[in-house]
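Remarks on the structure that follows.
Since we're looking at a predicted model, the values are computed, not measured. Because only heavy atoms are used, hydrogens play no part in the values below, and waters and symmetry mates are left out as well, while side chains stay in. Below, chains carry the letters A, B, ... as their sequence lines are ordered, and counting in each starts from 1.
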Amino acid sequence: MTSQDSKASPDDASTETIKQLRDSFFYGSRSNLNFKFVSNLTDGEFGEFLAELFEALESAVNDGDPATVVETINFWQVEAHAGKHVGESTFQYQYDDIPIAQLSKPLSECRVVLLTSSGHFVEGADPEPFGVVDMTQHQAEARIMEFLKETPTLSSIPMDTPADQVRLRHPGYPTKAALSDHRVNLPLEHLQALVGDGTIASVLPNAYSFVGAASQLKLKKNIAPVWADRLRDEGADLALLVPV
Amino acid sequence: MSVGHVQRAIETAGIPTVGIYVQSFAHVPRLMGVARTLITQHPMGRPLGAPGDGERQAAVVRAALELATATTPTSEVFPHAYRTVNH
């Protein structure tokens, strides 16, 4: 059974509740990872969001500027993920300590590594989750629950990889922006530019990416320490991390 | 939260880190005890900026690296709102 089977379908519209409507955007029949957050809202908040969105759309139609639409979506995305809906007392991975290392040299002398949970990989080096060849984004989203039990794997991305050889698949976030421009969460070129102007000394030959929608327990206990040792052994002085 | 685990492990291994988080997940590094974070007011999936907005993306990367020299836990908000780009 896929995650979509348990959600309301548009065919059930005559009996569909507002909650079913909201939930259908969260890996359901209307799955849209930009708007999956509406499943976290109350019915009343969902109504407020729609009203504000329609008003913003009307402004965009009139003046041709989508800024208000973006602001409205972002406001409600934040409200749903980081606002009063966040159950901080039940957040599983809270720590009182903050491990912090210090730069051993000036930034201009540092070798930097880039690591992101974006799900990027290089053409010809597909991690092939669950052994599936050429899994599509849609297929990945349909198997989100399986991804969340999986041990994450790290894809190496040479820093000089041509843009047309950068690939992406991730079941947990809206990927269209990153598909059209990987630099929105994989800033290979921007880091190289900082080497060029002397802000940093160099970058590791490879950046790294993994699918963050994975078993958090396996990642925390078994995988993250191994990755950290690897970056240290490769000579990183500083790590730039980009979660999505 | 996956990067939070990795960020803590890398710091524990002795390598300083900076993480760039979108505002929707700003609570995650705070709760997880992450050393240095730059929070951007960008939609989910686009922490550095809009596709095609290389200027903003580069500015975010530069702002993040400037936090690397912080010797105590630090979290800052990148002060500019998301902007769309005409392709």
Quiz item: Is the shortest heavy-atom distance from the side chain of A:Asn74 to the side chain of B:His42 under 4.5 Å?
Solution: no
Quiz prompt | Contact class of A:Leu107 relative to chain B, heavy atoms under 4.5 angstrom | solution = side chain
Quiz item: Of the backbone (N, CA, C, O) and the side chain (C-beta and beyond), which part of A:Lys218 lies under 4.5 Å from a heavy atom of chain B, both, or neither?
Solution: neither
Quiz item: Do the non-hydrogen side-chain atoms of A:Val242 and B:Val3 ever get within less than 4.5 Å of each other?
Solution: no
Practice problem: Please check if atom CD in A:Glu55 has more than 12 non-hydrogen atoms from other residues, nucleotides or ligands closer than 6.0 Å. | Solution: no
Quiz prompt | Nearest heavy-atom neighbours spanning B:Ala64 and A:Leu240 | solution = CB-CD1, 3.8 Å
Quiz item: Between A:Asp97 and B:Arg8, does at least one N-O distance fall below 4.0 Å, as a salt bridge requires?
Solution: yes
Quiz prompt | B:Gln23 side chain to A:Val78 backbone, donor-acceptor under 3.5 Å | solution = no
Self-check item: Most contacts with chain B, counted as non-hydrogen pairs under 4.5 angstrom, among A:His170, A:His182, A:Lys220, A:Glu71
Solution: A:Lys220
Self-check item: Portion of A:Leu115 that has a non-hydrogen atom of chain B nearer than 4.5 angstrom
Solution: side chain
Exercise. Name the region of A:Phe37, side chain, backbone, both or neither, that has any atom closer than 4.5 Å to a heavy atom of chain B.
Key: neither
Quiz item: Of the listed residues (A:Glu189, A:Arg232, A:Lys176, A:Arg183), which shares the most heavy-atom pairs with chain B below a 4.5 Å separation?
Solution: A:Arg183
Quiz item: Please walk me through it: do A:Leu241 and B:Val18 pass side chain to side chain contact (heavy atoms under 4.5 Å, CB included)?
Solution: CA-CA 6 Å; A:Leu241 304 178; B:Val18 183; over 6 Å; no
Exercise. Run the numbers on A:Val244 and B:Met44 for side chain to side chain contact (heavy atoms under 4.5 Å, CB included), then give the verdict.
Key: CA-CA 6 Å; A:Val244 294; B:Met44 187 169 66; over 6 Å; no
Quiz item: Is the A:Tyr93 ring parallel, tilted or perpendicular to the B:His5 ring (thresholds 30°, 60°)?
Solution: perpendicular
Quiz item: Do the charged groups of A:Asp197 and B:Arg62 touch, with an N to O distance under 4.0 Å?
Solution: yes
Practice problem: Apply side chain to side chain contact (heavy atoms under 4.5 Å, CB included) to B:Met32 and A:Phe91, showing your working. | Solution: CA-CA 9 Å; B:Met32 293 188 77; A:Phe91 189 86; 3.7 Å; yes
Practice problem: Show your reasoning for whether side chain to side chain contact (heavy atoms under 4.5 Å, CB included) applies to A:Leu238 and B:Thr17. | Solution: CA-CA 6 Å; A:Leu238 169 66; B:Thr17 66; 5.8 Å; no
Self-check item: Check: A:Asn185 side chain, B:Gly45 main-chain N or O, donor-acceptor pair, under 3.5 Å
Solution: yes
Self-check item: Neighbour count above 12 (heavy atom, 6.0 Å) for B:Glu55 CD
Solution: no
